[in-house]
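First up is the structure itself, then whatever we jot down about it.
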Amino acid sequence: MQAITYELIKTCKQTGARLGKVHTPHGTFETPIFMPVGTLATVKTMSPEELEQMGAKIILSNTYHLWLRPGEDIVEAAGGLHQFMNWNGAILTDSGGFQVFSLSDLREIEEEGVHFRNHISGEKLFLSPEKAMHIQNSLGSDIMMAFDECPPYPAEHAYMKRSVERTSRWAERCLEAHNRIDKQGLFGIVQGGEYEDLRRKSAKDLMSMDFAGYAVGGLSVGEPKDVMNKVLDFTTPLLPDNKPRYLMGVGSPDSLIDGAIRGIDMFDCVLPTRIARNGTCMTSQGRLVVRNAKFSKDFSPIDPNCDCHVCKNYTRAYIRHLIKCNETFGFRLTTYHNLYFLLKLMKQVREAIIEDRLGDFREKFFEEYGFNEP
Ligand SMILES: O=c1[nH]cnc2cc3nc(NCc4cccs4)[nH]c3cc12
Ligand SMILES: [Zn+2]
């Protein structure tokens with residue numbers, strides 16, 4: 001029995017968005033959904049209890065980081081990642097390829113795998129499809145990602161073609177190495193950059209291999225938003241209706257809505273937690289830099305339209321004070337609110353899909369948030 005199954009509930013009549021359910025060994029979640037990122041086995045400054053309280057159902061963690069520190073053997077000895085970090089919801093782990101390219105130098109890509117330098121100790125390391133699968137098996141994540149190459153943006157068509165062909169061969173090797181079908185689901189990652197012919201080839205290759213779900217990779221790497229939306233316009237329709245579709249690394253409110261409209265079910269991004277730690281909050285009226293002096297005597301909540309625990313109990317003046325004094329509690333408050341804001345946004349997207357009005361919702365949200373698109 002597959003560990004991960006997808007149930008299509010409804011498609012929005014106004015857009016290409018769809019409401020679905022993903023069943024995992026650690027619970028079921030509705031989609032479209034946002035997944036908070038917990039790279040080092042913690043969603044920075046949040047406790048698992050707070051994540052549960054705010055409605056998070058699935059979080060992300062990183063194979064590369066946990067392999068380096070504390071080591072997959074220690075996580076396995078703890079009984080796996082869920083036990084180690086005391087998180088009972090679902091966990092998805094990225095496979096490490098992207099992190100190697102975005103964090104390490106001295107990278108050599110070969111057919112066998114990637115040689116690189118540990119970005120902390122400087123020692124030489126090697127990661128292959130088989131090794132990435134072994135580490136994820138030890139971590140015990142519910143959803144594992146195939147080992148892929150995410151080429152830089154932009155990339156020549158010739159390079160991208162060779163890269164897609166190798167990523168397809170690596171995907172095959174990941175499937176062969178994946179031996180816990182009943183406990184862990186494996187998603188393939190579609191590459192191909194902005195080239196429709198290569199996206200078609202990548203999707204066709206991966207769909208012939210029958211993964212539990214499909215990610216659209218190679219995006220949110222510096223390309224303009226209209227390029228991302230164009231790639232999604234011709235890529236998501238290629239993917240099967242009965243499997244989850246995951247857009248990697250996307251997390252700004254406008255991109256979440258535009259990705260859902262184009263048929264994406266799952267999103268992750270470090271944005272909400274990263275900007276929170278420098279005192280920037282997402283609100284229904286746009287971004288608010290709460291450390292700004294103009295909020296020093298502002299005793300209103302971060303977002304008057306937000307019903308989160310932070311907005312009910314704390315003021316901009318107090319949070320600004322904490323951030324200015326570099327008090328950890330201040331970062332906890334901005335992080336909690338930002339995550340709650342995106343989780344609630346996706347709940348509103350799901351409601352709009354049920355009522356066939358996601359296009360109207362987009363227009364109203366964009367206008368209030370201040371996105372310049374009409
Ligand atoms: O093709 C991909 N393959 C596997 N993991 C990814 C993660 C990704 N994360 C982003 N963007 C978000 C970022 C996070 C840090 C720097 S960019 N784009 C991504 C693309 C990929
Ligand atoms: Zn709030």
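Whatever order the structure lists them in is the order used to number ligands and atoms, beginning at 1.
For atom 19 (C) of ligand 1, the nearest non-hydrogen atom of the protein is F98 CE1, 3.5 Å. With respect to atom 18 (N) of ligand 1, the closest heavy atom belonging to the protein is L219 O, 2.8 Å. From the protein, the heavy atom lying nearest to atom 17 (S) of ligand 1 is S220 O, 3.8 Å.
Of all atoms in ligand 1, numbered sequentially from 1 with element shown, those under 4.0 Å from a heavy atom of G217 are 1 (O), 2 (C). Each of the following atoms of ligand 1 lies closer than 4.0 Å to a heavy atom of G218: 1 (O), 2 (C), 20 (C).
When the Zn ion (ligand 2) is compared with the N/O/S atoms of H337, atom ND1 turns out nearest.
Of the listed residues (T167, D94, V270), the one carrying the non-hydrogen atom nearest atom 4 (C) of ligand 1 is D94. With V190, D148, L271, V221 as candidates, the residue nearest to atom 3 (N) of ligand 1 on a non-hydrogen basis is D148. Across the listed options S102, G249, C269, G249 owns the non-hydrogen atom lying nearest to atom 10 (C) of ligand 1.
The distance from atom CD1 of I58 to atom OG1 of T28, rounded to the nearest 0.5 Å, is 11.0 Å.
The backbone N or O of T236 sits nowhere less than 3.5 Å from a side-chain atom of R262 that would complete a donor-acceptor pair.
Within 6.0 Å of CD in E52 there are 12 or fewer heavy atoms belonging to other residues, nucleotides or ligands. Around atom NZ of K131, more than 12 heavy atoms belonging to other residues, nucleotides or ligands sit under 6.0 Å away. Around the NZ atom of K44, the shell of radius 6.0 Å holds more than 12 heavy atoms that belong to other residues, nucleotides or ligands.
If you look at H119 and Y64, their ring centroids are closer than 6.0 Å. Taking the six-membered ring where the residue is Trp, the centroids of Y314 and F329 are separated by under 6.0 Å.
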Item to check | Trace of the salt bridge (charged side-chain N to carboxylate O under 4.0 Å, His left out) decision for K243 with D210 | outcome: CA-CA 10 Å; K243 301 279 177 77; D210 190 26; 2.9 Å; yes
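Our summary of the site lists the angle at the Zn ion (ligand 2) between SG of C308 and SG of C306 as 110°, to the nearest 10 degrees.
At least one heavy atom of Q191 sits under 4.0 Å from some atom of ligand 1. Note on ligand 1: V250 sits outside its first shell, no heavy atom being nearer than 4.0 Å.
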